[in-house]
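All residue numbers in this chain count up from 1 along the given sequence. Just follow the structure's listing: the first ligand is 1, and inside any ligand the first atom is 1.
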Amino acid sequence: MTKVITYGTFDLFHEGHYKLLERAKALGDYLIVGVTTEHFDETRGKFDVIDPIMKRIENVKNTGFADMIIVEDHEGQKIEDIQKYGVDIFTLGSDWVGAFDYLKTFCKVVYLERTPNVSSTMLRGSTFKVTKLGIVGTGRIAERFLMESRYASGLAVIGAYNPDQESVSQFRKKCAEYELPVETEDYELFLAGVDAVYIASTHETHYSYVKAALSAGKHVLCEKPLAFTRKESEELYELASSKKAVLMEAIKAAYCPGFQQLLNVVQSGKIGEIKDVEACFSRIAAAESRERTDARYGGAFLEYGGNALMPIIKILGKNYESVTFDSINNELGTDDYTKIQIRYKDAMATAKVGMAIKSEGQLVVAGTKGYVIAQSPWWLTEKFDVRYEDESIIEHYEPKFIGDGLRYEMSEFMAKIHGIGEKSYKLTAGESIAITGIVEEFVRTRRII
Ligand code: CTP
């Protein structure tokens with residue numbers, strides 16, 4: 001019996017897929033089809049898959065060509081499968097010619113002619129209209145967003161808004177190649193031309209920009225902090241839901257596949273009950289920067305607090321009993337370094353953020369059976385360990401991470417706009433509101449000299 005194996009995403013199942021499976025089956029007597037998981041697709045840079053895995057498997061099954069369907073979830077699996085199932089022929093479409101020649105050591109490799117003029121990518125393009133996005137604010141992060149947006153399919157950045165002429169002229173110089181029109185006067189006019197906005201302006205302006213955008217029915221991805229009070233944050237999420245618009249707080253680690261995997265491990269019970277979470281985020285900012293000199297709206301906490309608080313809220317929940325802060329301020333009264341202590345009924349947490357003080361940017365989750373440690377920079381989660389009392393046992397994880405993380409956030413935003421992932425738990429409205437609650441508490445209790 002000749003066994004054949006082929007792999008694919010098989011998203012929005014189309015004629016090209018059908019014809020490939022038909023010919024793959026004809027190459028032998030028994031066909032095994034590997035269907036990719038969403039997570040595996042993300043790690044290989046395919047962020048925009050629409051159909052959930054069960055639907056993609058069902059579609060492959062309905063062709064009647066597959067004798068066995070397996071799930072492909074990691075790199076290197078093909079070699080394992082070929083040996084495990086005693087495969088004679090490996091086959092894929094001609095778009096992959098040469099890419100799998102290394103498998104010739106194990107079996108015959110056949111590339112089948114690809115069916116012209118059809119692909120999942122083309123279908124995705126026609127299923128959803130392109131989302132026209134405008135960036136509010138033209139600082140460094142706007143520039144990075146612009147660069148990364150090339151990897152988010154279905155999203156076109158069509159303009160920026162900033163009434164601050166100085167920032168606009170710097171942005172124009174740096175981003176000249178994008179030839180992006182910048183509106184400097186009329187926010188309403190700017191909003192009228194877009195479907196969605198990414199808000200990357202100074203912190204104190206977030207709330208009003210978000211509110212105006214949502215009121216106009218636009219989807220919003222907003223940099224942290226979303227707002228300065230819990231009430232404002234609640235109001236914005238309520239407005240989003242009444243306008244059927246997407247509102248997402250841009251705490252990018254929450255959307256990274258590696259961090260998701262870390263959460264799964266933590267929640268699996270492997271390390272027992274969770275009793276402590278420690279998260280640190282520090283990045284030295286230039287001494288003369290706005291972040292270091294603006295005592296009211298700058299400082300380490302307002303800049304980075306969301307990053308360090310997010311894993312705590314995700315792991316220990318929204319219902320903490322108390323929160324206290326301790327800061328080292330500079331002579332202008334801006335916090336250079338802040339420690340946040342959070343007490344839960346049966347657990348505790350510490351977040352540390354630094355803007356003029358550098359520390360190890362790690363995340364440690366301590367449980368009753370062991371702990372998880374994600375080394376610096378944990379927020380670009382590329383590796384983490386599970387360790388136990390017996391120090392000879394270390395489970396090491398190395399999730400893939402592509403780019404600087406913004407593309408994961410963008411692809412989540414796009415998925416939500418398309419109505420996929422409405423039930424996504426990566427960062428819920430409730431968690432984002434809880435983080436704003438801590439921001440409110442910090443602002444209320446801090447001393448500005
Ligand atoms: N395939 C094909 N003819 C097409 C499209 C795909 O023969 N017109 C083959 C691919 O070469 C692969 C299999 O179908 O062997 C599964 O491909 P997949 O990547 O899932 O489909 P695409 O339509 O190529 O998806 P995308 O556009 O997302 O890359």
Side-chain angles (χ1 to χ4, degrees), residues 3-28 30-75 77-79 81-82 85 87-104 106-130 150-155 257 400 402 407-408 410-412 414-415 418 420-421:
K3 278 193 177 176
V4 182
I5 198 162
T6 190
Y7 295 85
T9 306
F10 302 104
D11 189 26
L12 303 176
F13 200 86
H14 56 67
E15 188 199 351
H17 295 143
Y18 185 90
K19 288 190 170 158
L20 183 113
L21 294 176
E22 187 177 34
R23 286 171 296 154
K25 171 78 181 195
L27 288 174
Y30 189 87
L31 177 65
I32 305 171
V33 182
V35 179
T36 54
T37 62
E38 277 90 356
H39 180 66
F40 181 52
D41 273 326
E42 272 185 7
T43 64
R44 46 190 207 127
K46 210 167 180 174
F47 302 107
D48 49 4
V49 175
I50 292 175
D51 288 340
I53 185 165
M54 292 314 287
K55 182 161 179 198
R56 291 183 284 119
I57 289 176
E58 194 60 32
N59 287 336
V60 169
K61 193 172 156 203
N62 288 343
T63 63
F65 297 127
D67 296 287
M68 181 192 220
I69 299 177
I70 58 171
V71 163
E72 186 186 23
D73 74 349
H74 62 273
E75 215 169 281
Q77 186 182 323
K78 292 185 177 75
I79 295 180
D81 291 341
I82 288 168
Y85 300 111
V87 168
D88 304 291
I89 302 174
F90 170 90
T91 186
L92 269 188
S94 52
D95 43 330
W96 294 100
V97 169
F100 292 98
D101 286 357
Y102 69 91
L103 296 175
K104 285 180 181 165
F106 305 96
C107 64
K108 195 172 160 191
V109 174
V110 176
Y111 299 104
L112 294 167
E113 204 48 50
R114 199 175 150 88
T115 307
N117 304 325
V118 61
S119 74
S120 305
T121 306
M122 278 167 60
L123 292 173
R124 279 191 287 266
S126 55
T127 306
F128 300 114
K129 77 175 181 53
V130 170
R150 287 181 288 198
Y151 302 98
S153 58
L155 177 97
K400 266 222 178 150
I402 310 173
R407 66 188 72 176
Y408 299 111
M410 285 180 206
S411 88
E412 175 78 2
M414 293 308 296
H418 293 157
I420 313 160

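Here Lys19 has no heavy atoms under 4.0 Å from ligand 1, in either its backbone or its side chain. The proximity of His14 to ligand 1, defined as any non-hydrogen pair under 4.0 Å, is limited to the side chain. If you look at Val118 next to ligand 1, the close heavy atoms, those under 4.0 Å, come from the backbone and the side chain alike. Counting heavy atoms closer than 4.0 Å to ligand 1, residue Leu20 contributes side-chain atoms (C-beta onward) but none from N, CA, C or O.
Ring pair Phe100/Tyr111: centre-to-centre distance not below 6.0 Å.
Checked by atom type and distance alone, the side chain of Glu38 pairs as donor or acceptor with a backbone atom of Ile53 at under 3.5 Å. Formation of a donor-acceptor pair under 3.5 Å by the Ser94 side chain with backbone atoms of Arg114 is found in this model. Judged purely by atom type and a 3.5 angstrom limit, Glu22 has no side-chain atom pairing as donor or acceptor with the backbone of Thr63. A donor-acceptor pair under 3.5 Å links the side-chain atoms of Thr6 to the main chain of Thr91, judged by distance alone. With hydrogens and angles ignored, the 3.5 Å screen pairs a side-chain donor or acceptor of Arg23 with a backbone N or O of Glu113.
In this structure, Lys3 forms no cation-pi arrangement with Tyr85, as its terminal cationic atom is not both closer than 6.0 Å to the ring centre and no more than 45° off the ring axis.
Nearest heavy-atom pair across Ala66 and Val60 is CB-CG1, 4.1 Å. Of all non-hydrogen atoms in Asp11 and Val49, the two that sit nearest each other are OD2-CA, 3.4 Å. The nearest pair of heavy atoms linking Glu75 to Phe40 is N-CE1, 3.4 Å.
Near Thr9, with a cut-off below 4.0 Å to any heavy atom, the atoms of ligand 1 are 20 (O). Interface of Ser119 with ligand 1, defined as ligand atoms under 4.0 Å from a residue heavy atom, comprises 23 (O), 27 (O). Counting the atoms of ligand 1 from 1 in the order shown, those under 4.0 Å from a heavy atom of Leu92 are 15 (O).
Polar contact with ligand 1: absent for Arg23 (N/O pair, distance under 3.5 Å). At least one N/O-N/O distance between Thr115 and ligand 1 falls below 3.5 Å. For a threshold of 3.5 Å applied to N or O pairs, the pair formed by Phe10 and ligand 1 contains at least one separation below that value. Between Tyr7 and ligand 1, a contact under 3.5 Å exists for no N or O pair.
The side chain to side chain contact (heavy atoms under 4.5 Å, CB included) test with Ile5 singles out one residue from Leu103, Ile70, Val33, and that residue is Ile70.
Looking at atom 1 (N) of ligand 1, its nearest protein heavy atom turns out to be Arg114 NH1, 3.7 Å. Protein heavy atom closest to atom 11 (O) of ligand 1, with residue, atom name and distance, is Asp95 OD1, 2.6 Å. Atom 23 (O) of ligand 1 has Ser120 N, 2.7 Å as its closest protein atom, hydrogens excluded (heavy atom only). For atom 19 (O) of ligand 1, the closest non-hydrogen atom on the protein side is Lys46 NZ, 3.4 Å. Nearest non-hydrogen protein atom to atom 15 (O) of ligand 1 is Gly93 N, 2.9 Å. At the shortest separation from atom 27 (O) of ligand 1 among protein heavy atoms lies Thr121 OG1, 2.4 Å. With respect to atom 28 (O) of ligand 1, the closest heavy atom belonging to the protein is Arg124 NH2, 2.7 Å.
Asp51 and Arg56 are not joined by a salt bridge, as no carboxylate oxygen comes within less than 4.0 angstrom of a charged side-chain nitrogen.
Nearest to atom 16 (C) of ligand 1 by heavy atom, out of Arg56, Met122, His17, Glu15, is His17.
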